[in-house]
Every structure is written in C-alpha cells, then in structure tokens.
Amino acid sequence: MFGADSLADGDDIELNGIVYTKHRGILRQQSILSKNQTQTEKAFGFKWKKRDTYESESVKAAAKNWLIERYLSGKEDSIKKYCFKDAKILDAGCGSGVSSLLLFGKYLEKVKYLGVDISDAVDVAQDRFNEENIGAEFIQADLNNLPFTRPEFDLIFSEGVLHHTDTTEETLKYLATLLKNDSYFLFYVYRKKAPIREFSDDYIRDQLSGLSDAEAWDALLPISMLGGELGKLNATLQVSENIPILGIPSGSYDLQRFFYWFFMKAYFRPELSLDEMNHCNFDWYRPMNCHRHTEEEIQKWCNEADLRIERMKIEEAGITVIAQKMS
C-alpha cells in the first residue's frame, strides 16, 4: 500500500510529510508524542506481548461473543456486509489484532486489511496474522497523523482505542475524514461511570503512574485477587431505592458486580485465571490516556463528523457505535 516492499530494514520513507523507518518489515512513524500518549504506547506494547494472558479458549470465546453481540446484534454472518471482496479495512488501534481476528475471522482473507497501532504491539499482530496465514499490512503510527490525504477506506474499525488517544473527539473526527462516502465506522469507547467508581479509577491510575509496567502489573494483582474473592461469594445485594447522589439505580445486584460498577473495577469471570483477570485490570488502570464519555457526547461528535449513527449500544462499561459516513 505504501510502496515499502522495496525498502530494507533500516531504510526511511517519507509519507504525507512524516518520516517512517522500516523495521521487522513494518513501517514505523518517527513522531513526537505527548507524555500521556508515550506512556499509553508503552503500556499497551507491554500488555499485548503477554499473549498467555488473553489467548486461552475461554478468553477468546467470551471476547468473540461480546464483539458479535455489540457490533452484529448476535448475528455472526452479518459481518459479510462490511467484508466484501477487496474492501479496504483500517483497524485503528489494532493492538495484537485480537479483536479483528475474532470479529472478522475468515472474511479477512478477502479484504485488504491495514492494522495501525501506536505501540510495537503491531509486531505481535503481524505474528498472529502470519500464524493464521492471513495476509495483512501493519504500520506503527499515531492515529491522528496517518499517511493518507483523502478518503481511502470502506470500513474503519476501532475497538476500545479512541479513548486512549489525547482527545477522543479529535481522533474520531480525523479518522472519519478517511472514510469513503456511505462506508462504515465501527467503534467502542468507554462510558462515564458512577462518581465513586470514577474517583477510584483515577486514583489508582495516578498511583501506578510512577511505576514501570511490570511493577504496575504486580501492583494490580491484589485488586484482581479481590475481584476473584468477591465473585466466589456468589452473593446478591438488593438496592431498594435509587441512590442518585452515588449514581446507583435500584435493583438486584450480584455483590461483585455491584462493587465493580459503582466503586472500583476488579474484574472477575469464574473461568479465567488470575493473570487473565489481571490483564483486564491492567488494560483499564495502566494507560494514562483513558477518557470516559456520555452517549450525548458521542452523538454530537458523530453528527459533526458527518457520521449517521445506525446503531448505538449503551452498556455500563461503554458505548458501541455503528455509523455510516454520509455522502
């Protein structure tokens, strides 16, 4: 796509005014990042290299089911709408490629896939695609400064990434300019949580900020253990009336989920190991760029980017959007 096949590792190429260096077969942008974005880049590079914490069959099955429910209303075959022959797909923030491999599956063999990530997780993604014998291209670059000058893509997919940039709004609007008319933008962003949960999340994130990634991983293990112990209780809590000041609706809650949604994220699934649960907690707490949004914000930004929302699925955790670029 970029005329890089003739380059050797270590060679430079200039694309849209930005210099890229080829390394391990991947073009890598020479760009200056903000302090928070640099930290976020390193955190995700660290996380995605720990393949044993997200590649078990139980983890992949749960992730795939969640992706299909949110983006395809549970109808797996409807992915064909986006994956027609030679469709150009941009995976904006591909990480290790796990979400695209799970959601698009065999249809990746008929499209032209480009995975972009700010971190060297692109190396892991390239390895994983090669292991599946699926052709793909990858570049390591800032999502707000890609080597394109006009609309290029039939689909942009960004699963849980826009909120990890310096500004979700600017990244969403910039990427929308790279979509062809009538093409689709599928993305997921974090939703704003209850006030004590918001406070706890930011407090823990700040406490981890001075640690190395390995130290932060270890520091989160007791939180993951706490989530496990709460889950094992299998207890139910009844909230008889709404508690507006704390953002807690009335209802019946599993005790672990009540703690999770309203006080502190301590991930738990009974079929996962401690390291697999810690992976989820690290994903949440470690990046300094971790913005949370309301559905009203997302609706406004999509309108301003000429994106017509076809479907918006709102959950406690986040907001999933299927939007079409207007002609």
Side-chain angles (χ1 to χ4, degrees), residues 1-5 7 9-45 48 88-97 99-100 112-126 136-180 183-190 287-291 293 298 301-302 304-307 321 323 325:
M1 186 179 293
F2 305 108
D5 290 345
L7 298 177
D9 268 15
D11 286 351
D12 293 342
I13 186 172
E14 186 173 317
L15 301 170
N16 198 23
I18 301 293
V19 176
Y20 291 74
T21 301
K22 189 174 183 180
H23 175 64
R24 200 173 175 245
I26 294 175
L27 293 181
R28 302 169 197 265
Q29 193 176 87
Q30 296 181 13
S31 57
I32 299 174
L33 305 176
S34 69
K35 180 180 178 182
N36 277 2
Q37 196 68 343
T38 297
Q39 186 273 340
T40 300
E41 172 218 340
K42 295 183 184 304
F44 282 109
W48 288 122
K88 294 179 73 174
I89 295 179
L90 172 65
D91 190 347
C94 64
S96 68
S99 294
S100 279
K112 295 179 179 178
Y113 172 94
L114 174 64
V116 181
D117 203 87
I118 197 172
S119 78
D120 59 6
V122 289
D123 293 309
V124 183
Q126 180 173 252
E137 285 192 75
F138 298 93
I139 60 171
Q140 185 175 350
D142 179 359
L143 284 184
N144 284 289
N145 199 3
L146 298 179
F148 306 103
T149 57
R150 59 185 177 85
E152 291 273 351
F153 295 98
D154 300 295
L155 174 70
I156 296 178
F157 176 58
S158 189
E159 168 62 7
V161 177
L162 304 178
H163 48 239
H164 289 310
T165 63
D166 285 333
T167 160
T168 306
E169 177 183 3
E170 289 183 10
T171 307
L172 187 159
K173 291 179 177 179
Y174 167 71
L175 290 174
T177 68
L178 304 182
L179 267 177
K180 299 175 184 176
S183 295
Y184 283 87
F185 197 160
L186 277 57
F187 66 88
Y188 171 82
V189 293
Y190 291 143
M288 293 303 294
N289 274 343
C290 188
H291 311 297
H293 301 290
I298 301 304
W301 297 340
C302 284
E304 292 171 349
D306 295 324
L307 293 169
V321 175
K325 182 67 179 289

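Everything numeric in this text was worked out from a predicted model, so none of it was measured.
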| message | Closer than 3.5 angstrom, by distance alone: can the side chain of His291 be matched with the main-chain N or O of Asp166 as a donor-acceptor pair? | response | yes
Within this structure, what is the [atom1]-[atom2] distance for the pair [X] and [Y], rounded to the nearest 0.5 Å?
X: Ile13; Y: Tyr20; atom1: CD1; atom2: OH; value: 10.0 Å
X: Trp48; Y: Asp123; atom1: CH2; atom2: CG; value: 14.5 Å
X: Glu170; Y: Trp301; atom1: CD; atom2: CH2; value: 10.0 Å
X: Leu27; Y: Ile139; atom1: CG; atom2: CD1; value: 7.0 Å
X: Ser183; Y: Leu178; atom1: OG; atom2: CG; value: 11.5 Å
X: Gln30; Y: Glu14; atom1: CD; atom2: CD; value: 10.5 Å

Results of salt bridge (Lys or Arg N to Asp or Glu O under 4.0 Å) for [X] - residues two or more places apart only:
X: Glu304; answer: Lys173, Lys300
X: Asp120; answer: Lys49
X: Asp154; answer: Lys180

| query | Looking only at side chains, do Ser119 and Asp117 share a donor and an acceptor under 3.5 Å apart? | reply | yes
| Between Ser31 and Asp142, does any side-chain donor sit less than 3.5 Å from a side-chain acceptor? | no
| said: What verdict does the side chain to side chain contact (heavy atoms under 4.5 Å, CB included) test give for Phe44 and His164, after you've listed the backbone C-alpha separation in whole Å, the side-chain angles of each residue and the deciding distance to 0.1 Å? | reply: CA-CA 10 Å; Phe44 282 109; His164 289 310; 3.4 Å; yes
According to side chain to side chain donor-acceptor pair (under 3.5 Å), who are the partners of [X], at least two apart in sequence or on a separate chain?
X: Ser100; value: Asp91
X: His293; value: Thr168, Glu297
X: Thr40; value: none
X: Thr171; value: Asn144, Thr165

| task | State, with a plain yes or no, whether a side-chain heavy atom of Leu146 is found less than 4.5 Å away from one of Val116. | result | yes
| field | Close side-chain approach of Val122 and Arg28, heavy atoms under 4.5 Å | value | yes
| message | Restricting to ring-ring contact (aromatic ring centres under 6.0 Å, His included), what partner residues turn up for Phe185, sequence neighbours left out? | response | Phe187
Return the set of residues passing side chain to side chain contact (heavy atoms under 4.5 Å, CB included) with [X] (not counting sequence neighbours), or none when no residue passes.
X: Ala92; answer: Leu90, Leu143, Ile156, Ser158, Leu175
X: Gln39; answer: Ala43, Arg286, Met288
X: Thr149; answer: Asn16
X: Lys325; answer: Leu179, Asn181, Asp306, Leu307

| Is any side-chain N of the basic residue among Asp9 and Arg24 closer than 4.0 Å to the acidic one's carboxylate O? | no
Nearest non-hydrogen partners of [X] and [Y], listed with the distance:
X: Gly93; Y: Val161; value: O-CG2, 3.2 Å
X: Gln29; Y: Ala141; value: NE2-CB, 3.4 Å
X: Gly97; Y: Ala125; value: N-CB, 3.8 Å

| task | Dump the intermediate steps for side chain to side chain donor-acceptor pair (under 3.5 Å) on Gln37 and Asn289, then the final yes or no. | result | CA-CA 7 Å; Gln37 196 68 343; Asn289 274 343; 2.7 Å; yes
| query | In terms of ring plane angle, is the pair Tyr190 and His163 parallel, tilted or perpendicular, where the classes change at 30° and 60°? | reply | parallel
| task | For the pair Lys88 and Leu114, evaluate side chain to side chain contact (heavy atoms under 4.5 Å, CB included) and give the outcome as yes or no after the intermediate values. | result | CA-CA 8 Å; Lys88 294 179 73 174; Leu114 174 64; over 6 Å; no
| message | For the aromatic rings, using the six-membered ring if either is Trp, is the centroid distance between Tyr184 and Phe157 under 6.0 Å? | response | no
